[in-house]
Amino acid sequence: MRYLPKSESERREMLDVLGLDSIEDLFSHLPEETKLNRPLNIAPGKSEYEIVEYFRARGNENAMNYASFLGAGVYNHYRPVMVDTIVSRGEFLTSYTPYQAEISQGTLTTIFEFQTMMCQLTGMDVANASMYDGSSAVPEAAMMAVRVTGRNRVLVSRTVHPEYREVLRTYAQHQGMPVADFGYVDGTGAVDLADLEAQISAGDVAAVVIQTPNFFGMVEDVKTAADLAHKHGALLVVAFTEAVSLGLLAPPREADIVAGELQSFAISPSYGGPYAGIIATKEKYIRQLPGRIVGETKDTHGNRAFCLTLATREQHIRREKATSNICTNQALIALMATVFMSVYGKEGLRELAEQNLAKAHYLSEDMDLRFRGPFFNEFVIRTEPEALNAELLKHNIIGGLPLGRFYPELEGCMLVCATEMAKRAHLDQFKKCADAVGQPAMAAARNEGARA
Amino acid sequence: MRYLPKSESERREMLDVLGLDSIEDLFSHLPEETKLNRPLNIAPGKSEYEIVEYFRARGNENAMNYASFLGAGVYNHYRPVMVDTIVSRGEFLTSYTPYQAEISQGTLTTIFEFQTMMCQLTGMDVANASMYDGSSAVPEAAMMAVRVTGRNRVLVSRTVHPEYREVLRTYAQHQGMPVADFGYVDGTGAVDLADLEAQISAGDVAAVVIQTPNFFGMVEDVKTAADLAHKHGALLVVAFTEAVSLGLLAPPREADIVAGELQSFAISPSYGGPYAGIIATKEKYIRQLPGRIVGETKDTHGNRAFCLTLATREQHIRREKATSNICTNQALIALMATVFMSVYGKEGLRELAEQNLAKAHYLSEDMDLRFRGPFFNEFVIRTEPEALNAELLKHNIIGGLPLGRFYPELEGCMLVCATEMAKRAHLDQFKKCADAVGQPAMAAARNEGARA
Amino acid sequence: MIKKTRPHITQNEPLLFEISSPGKKGYQLPELDVPAVDATKALGAGNVREQIEGFPEVSEVEVIRHYTRLSTWNYAIDLGLYPLGSCTMKYNPRINETVARTEGLAWAHPYQPEELSQGAMEITAVLEDMLAEITGMDAVTLQPAAGAHGEMTGIFLMRALLQSQGNPRKTLLIPDSAHGTNPATATMAGYAVQNIKSNDRGFVDLDVLAKYVTEDVAGLMITNPSTIGVFEENITKITDLLHSKGALVYMDGANMNALVGMARPGDFGIDVMHLNLHKTFSTPHGGGGPGAGPVAVKKALEPFLPTPRLRRSQENRWSWDYDRPQTIGRVRAFYGNFGVLVRALAYIMAHGGDGLRRATMDAVLNANYLRKLLEPYFDLPYNAPSMHECVFSDTRQVKQGARTGDMAKRLIDYGFHPYTVSFPLIVPGALMIEPTETEGKRELDLFADALISIAKEIEDDVEHVLKAPHLTRTSRVDETAAARKPIVRWKPSAEA
Amino acid sequence: MIKKTRPHITQNEPLLFEISSPGKKGYQLPELDVPAVDATKALGAGNVREQIEGFPEVSEVEVIRHYTRLSTWNYAIDLGLYPLGSCTMKYNPRINETVARTEGLAWAHPYQPEELSQGAMEITAVLEDMLAEITGMDAVTLQPAAGAHGEMTGIFLMRALLQSQGNPRKTLLIPDSAHGTNPATATMAGYAVQNIKSNDRGFVDLDVLAKYVTEDVAGLMITNPSTIGVFEENITKITDLLHSKGALVYMDGANMNALVGMARPGDFGIDVMHLNLHKTFSTPHGGGGPGAGPVAVKKALEPFLPTPRLRRSQENRWSWDYDRPQTIGRVRAFYGNFGVLVRALAYIMAHGGDGLRRATMDAVLNANYLRKLLEPYFDLPYNAPSMHECVFSDTRQVKQGARTGDMAKRLIDYGFHPYTVSFPLIVPGALMIEPTETEGKRELDLFADALISIAKEIEDDVEHVLKAPHLTRTSRVDETAAARKPIVRWKPSAEA
Ligand SMILES: Cc1ncc(COP(=O)(O)O)c(C=O)c1O
Ligand SMILES: Cc1ncc(COP(=O)(O)O)c(C=O)c1O
């Protein structure tokens, strides 16, 4: 087997050192009833060529060569070639968590740079070096708020990604951490501050969680939400799913904790993962941060050096008292994001965000927008979602996300996203199809007409 | 521009050091009439995304997802993933010819290994570290023979790749090195020893050039050819185009010079290049070898080390008296071949060759073979080449090479190749189509019948 | 004598921020093919940011040099043995990186129509089946992103089952040799932790255990083989004991590299367990992740698995089933670390059933070989038969003034990544060594040589060992200073 | 003070043959889906080889470690400045590697039907056009595999034209500053070489030249800018002179990085020239190749170009034209190093016309900046304005006992690849420095610092410089011993 670097004679030599006849002897102490006495029911080993062909065939069963208007937490951005070039270097790809600082300065330095750029982007003071994804970063942020405030309740806006809210509920269920939703304003699709105020006033709220741009693509008023949360002694957690928006949008400085998803930073959609989440916060909360943190220090010769630090927050030291049970995180994916940020840089990230803004706004022209207010690269339209998507598929276009699935009241609405990858021809095609399909009311009328 | 690592302010600082106003000043001494006073007529710079799309679109205009039975000097073998993994490392990809041995031991060591494996495969004593390709290795080998023997004539078998023979003629034309062809035996497709003997007897022959497996896929009798050449004081040059055959075929030990093409060793067909040629020979001719050679030595601490050696053969030292004008060669491509040989190794190369043999022989069953004799993974059939290829294209199969193009007497014959990549279903489909199309005679008869 | 390394120049490199200069660019965007939009108008002035203070501005060549130079400061599997116990740092086949980038897979959006996702769903389903076969369990969820995430999922599942039976109970029993994620997970699931002391052979003590197993106990979290690399000889008795009290047994599957193809947790009474695909199934660690922590369960726990679940129609089409009334809920968005799952499946396919078994055998052979070579020089606190790793103690060397951490640093000079230091906690000054099956005899011999040579150095010149490493570009790093006054982001020196 | 490097451990690694062991495997083939064939029967016993004596047998993980370890012993552009004069070692954009691997391009067989090769042919045609535009010439062949191959092609073309006019003539004039490939090429084309001495400013001396230009002279092979990096001030006079005698002018285009977008050889009288795509157009050198050496010609030479040529039909379809009665013939099989051509085109597309010009300007700026910084410390034998490179002499340092080669070795300790040593031959002890445009100010400053520091070291402690490099894993290599008794292949030690 090509992954096993031993010849039979070498195995024999090693067994001789051990004074054994066969490798099986090393398993002879296993209680008989625990042993598997048949071969695994898994086909014999395959060659590289066959494996490549198998996955190609599976890939071809998925969408290939479609334009897409899906966003909803996963965005179609260009991945600079530099990203895979760098993460494919064995020195990054095949190293472990950098426990041994003296031979891990490469990884440690990139993490320090990552943390710095996360702070620069979010307006926070400190950032950890990755959570599993945005959806698990949100509950971890809420748990942080619980630890910081000594309170228990969590209020989450219904404009936060519905799957993130589900994950928050799952995490919270056994931690004495009741989670309640608050609503959005029907006309703007932004958080309903009145509802928030009503619920927060009941007290014991540790965290208020909002997202900007929110699930509908609308830009939220972070400052007002922060003021409200702070007035009631709660922390404001601001989530984001579209990191590219940070190139253009004011950073959520008024938040206490920022919890986000970096998929937009050169991480391929990959049917949902692996992605990389982060949590950033104020300096004063650093000891409540979950996950890895890298700090600057010196070696014995006085050279600048980096190492993992503040480990006393973590499970391997604190065990049942740790800030989180997280151990393995998304380091290599965070490195992808780091390289992405290096390539685009200050001007590039802004220009990229501006292109996203322009594409989405071009697409939104003459569309029947469900909400009025500022949006970034996503927005909600009124249409007949299934009919429109079916129509688009005929043009090799994957349409937007029908919202009825997550919001019964938004049946007949679709979430649409346009990034820098959307070509004008596709945007125009989308508009044409949307026009043709029309809105549910219009469609109903059409049907009426047809019936009459 | 992303490839230019300077900001305007840095350019300014540098100009200040130079005491200049603008970079243009550095070109002011160019005579006015030599200056280009208009912009180049080349479109503005494109983004990565656009470049990727452009080449994808071009790729899609070529054959995609076809099975292929083409060989004829370029073979369709699997490329182990390890190959690109290694040649993509910047340390190999972006280094120059290893003139500075102390910081080039990586490249030098791989070349030394390459030379060794080339000797092991060919049965020669020494090998150079790459020529441009097989087709230019052949004339360089012939020129070597001229230098070694002090004679001038070159005899080349008509069973050597026709394009190689063309290149030989081009190279030879101004070097006082007459080149003549000798024929093949009509029944076997192997060199016509009688013709060779007749021509060599005229004297002054420096080199006899044959190829095995030859252009028709037939295995030549190297020993007999060598005896004949040697009897007349000529050197035998053995060319090869299908390196995989060396996994199974007896090495051409009786040759004086072996000149070959390594494309089969994990080098993608890439519409004809870059490939890698080599020349291997006897120890005693080493000072007549063209191209780079790496030798073993020691550093000042006594550590084993490698360096370029015998440079006195080369153009940068010997100028007009050099063995060749070659300078840049195919180092990275030779590294691909080196990694390929490492991955397959002793057993793998044999098994690979055996699979090729089996596939080609399976395909040849019940076919109307033009030649009788041992062949490796290519052979010639009688058919209606254009009709058969047209039929195969309908099944997304690219057929073989119609031979009339190179051999008027073989009009109605096709060179067919089957490697380990040929699937049984495609082999069977090929046979079915060949059956349906039949031979020219049969087809003519069919037409007659139809007309009657 | 150091046989494996020689010092060589490596490039220094400042931080990205320190090579930044205004106007340098590493990117170009396609020309905008729609009208530009005035951000202030579209978003409102208050919503538009100033430039990103301090964000880098560098060109493409600087990016590649920056990261290439940094990369040369790292050790990695691709450079040599990485014997971190419990981490299963094995060779990461490159073919897996290639297939994970297959266009139709890498660019699949999780919300694209199911009809256009059948390939991805098929991969997921096939992997679930194979993992069920390997573990001997009935159902598998691939949603968890890592081992600890899997633990959380698994314990939530146990709790949900117990809850459905009327009482979630209060306590989880955890052997003192367990990994830190185990107790941390218990807390997240709302359970109190009861540590169980191992006996002097390193096993769970049946009598001690029996005392703790009450009606309040939700279950046991056991690691088998344990973190000292021994197979729990009483495992079936242990699982029987828990089951007899209505409690469940969770297995931390981090050490499955010792069992695949040889023994199956499902066959020795485990109810729920996780796998670390980034250990046993060779997906690359990448400096700390990503991973995947699938959870395998027995039938009784299946109704509680996270949503969505795969469902196959009569026409053999896959769809996602969200209608699972007893589910514990999602543990993350979408369907898991799909790209990692692809790599794991490619690994399993490459080995095949028989190859997986042979890999396990070689892993255990390697660990025992090292144990044999090192035993004369280091104290072996537990001498039960080793499986895939062996754990020594530094007690002999401590007498001469050197601890496990010092020997670890000196190993670096010898060209090796150290073993796992000071874990498991039940071994004083542990040297926890897991070679994995992807090491050849030559590398193992060099490693044993190195450790033996260090043991001798400690006798001759302990100071030299205490100051190691000597041959790295960065000498011993002051971790205490880092934690005392944390500097966790770069600031321009003017600000500093 | 060495600012750019620190020593760090690097892994030792034996030769592949020394880690081989019978039965280890790095490969697996798909199961054979046709009947196996008995090789002895199919081929005849005499045609079947024994096993390949000494061929390696290693596993996959050993392969990746072997080459990864070896790679760390190399310097590379990706690690820093590579100022080899005449070699134009510039950044190799990675996007070019990606596009060259585009499936429909990388897997295109040269004999596949033209109808199924239109994309490849289009790329070839577009690149020919762009290179014609850049050089100001009328037609381009992409067949030659490297610069020297292009020289051969170009001189054959000249000879063919002269021959068609009745007399191929006898001699080629070549300035003494020329690269070795120039005279070597002349020999292959059957021409005698007449060296032309440069004047004391480094230029071709018009008066000297005039004396040599007779009716026997086929042409002049000139490099412009010359190998000392200066633009021939009399270039149009020179080309006029040759033309007036019915001779032709070949330009070695190795130094086109100084001219692209600023001046075109076609506009100053060049008849035929080659380009090195692996220099000017950034295709990677890969430790010595591959390259591509397209040849650009004026109209009169077009009929002689190698076959086949591209031809476009009225329906805009490409085909290959083999019917070129005056052709010199093929210079290699198929159509050239297509994969290299793809990379070069991608490079040109990324820059665009304006970007190419700006690249040239930065290249010249960089060379002049270094010249300025270094001039106080090193002897500049020719002080004509520098273009893309500058050439110093070691005369001052030689007086203190150190030669250009010694300083080159010491530069290695400072973290740089040396400049080109001892070329061109007209400069005694040349330091030939070509930074290219892809270097930033920081790297240039560090380089100048390093060389200046070495100049000072030579004054203080010349011995230290003479024994350099000190910080590499391999110290100064004995090249003389290597040539004295060449060992050019590994043999098992028993045999040795
Ligand atoms: C025994 C054991 N349990 C649990 C874990 C946690 O797994 P993960 O790091 O994937 O979260 C690890 C590994 O780090 C481990 O070694
Ligand atoms: C001036 C000059 N001419 C010719 C050549 C030969 O080009 P190549 O190495 O591509 O054959 C070179 C480069 O090596 C060169 O620098």
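Chain letters run A, B, ... following the sequence lines, proteins first and then strands; every chain starts at 1. Only this structure's heavy atoms are used, side chains among them; waters, hydrogens and symmetry mates stay out.
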Check each atom of D/L15 against the heavy atoms of chain B and say whether the ones under 4.5 Å are side chain, backbone, both or neither.
both
With only heavy atoms counted, which part of D/L84 is less than 4.5 Å from chain B, the side chain, the backbone, both or neither?
side chain
Please state whether the side chain, the backbone, both or neither of D/Y369 comes within less than 4.5 Å of a heavy atom of chain B.
both
Ion pair D/K25/D/E57, N-O distance below 4.0 Å
no
Is it the backbone or the side chain of D/E233 that comes under 4.5 Å from a heavy atom of chain B, or both, or neither?
backbone
Is there a donor-acceptor contact under 3.5 Å linking the side chains of B/Y3 and D/S282?
no
For B/F27, which atoms come within 4.5 Å of any heavy atom of chain D: side chain, backbone, both, or neither?
side chain
Would you mind checking which part of D/R476 comes under 4.5 Å of any heavy atom in chain B, side chain (CB onward), backbone (N, CA, C, O), both or neither?
both
Applying a strict 4.5 Å limit to non-hydrogen atoms, the region of B/M64 in contact with chain D is side chain
Regarding D/E151 and D/T181, is there a side-chain donor-to-acceptor distance under 3.5 Å anywhere?
yes
Which answer fits B/R2, side chain, backbone, both or neither, if we ask what part of it has an atom under 4.5 Å from a heavy atom of chain D?
side chain
So, the part of B/L401 with a heavy atom under 4.5 Å from chain D: the answer is side chain
Sort B/T312 into side chain, backbone, both or neither according to what part of it lies under 4.5 angstrom from a heavy atom of chain D.
neither
Residues B/L393, D/L116; criterion side-chain contact (heavy atoms from CB on, under 4.5 Å); working and verdict:
CA-CA 10 Å; B/L393 280 180; D/L116 295 176; 3.8 Å; yes
Residues two or more places apart in sequence or in another chain: which of them pass ring pair (Phe, Tyr, Trp, His ring centres under 6.0 Å) with B/Y54?
none
Under 4.5 Å to a heavy atom of chain D? For B/P80 that would be neither
For D/I134, which atoms come within 4.5 Å of any heavy atom of chain B: side chain, backbone, both, or neither?
both
For the residue pair B/Q330 / B/S130, report whether a side-chain donor-acceptor contact shorter than 3.5 Å exists.
no
Distance to the ring centre below 6.0 angstrom and angle to the axis at most 45 degrees; does that hold for D/R159 and D/Y191?
yes
D/T472 portion near chain B, given a 4.5 angstrom heavy-atom threshold
side chain
D/H149/B/Y132 aromatic ring centres below 6.0 Å
yes
So for B/A72, is it side chain, backbone, both, or neither that comes closer than 4.5 Å to the heavy atoms of chain D?
both
Using distance alone, with no hydrogens and no angle criterion, decide if B/D133 and B/S136 have a side-chain donor and acceptor under 3.5 Å apart.
yes
Using non-hydrogen atoms and a 4.5 Å limit, figure out which bit of B/L121 sits close to chain D: side chain, backbone, both or neither.
both
Which atoms of B/R350 approach chain D - backbone, side chain, both or neither, heavy atom under 4.5 Å:
side chain
Ring pair (Phe, Tyr, Trp, His ring centres under 6.0 Å) partners for D/W490, two or more places apart
D/F17
With the side chain counted from C-beta on, respond yes when D/M387 and B/L26 share a heavy-atom pair under 4.5 Å apart, and no when they do not.
no
Chain D contact via B/T309 - side chain, backbone, both or neither, heavy atoms under 4.5 Å
side chain
Given a strict heavy-atom distance threshold of 4.5 Å, which part of B/M1 is in contact with chain D: side chain, backbone, both, or neither?
both
Pairing donors with acceptors under 3.5 angstrom, does anything connect the side chains of D/K441 and D/N366?
no
Report which part of B/Y362 has an atom under 4.5 Å of a heavy atom belonging to chain D: side chain, backbone, both, or neither.
side chain
Below 4.5 Å from any heavy atom of chain B, which atoms of D/Y111 appear? Answer side chain, backbone, both or neither.
both
At a heavy-atom separation under 4.5 Å, does B/N303 approach chain D through its side chain, its backbone, both, or neither?
side chain
Measuring heavy-atom distances to chain D, does B/H301 have an atom under 4.5 Å in its side chain, in its backbone, in both, or in neither?
both
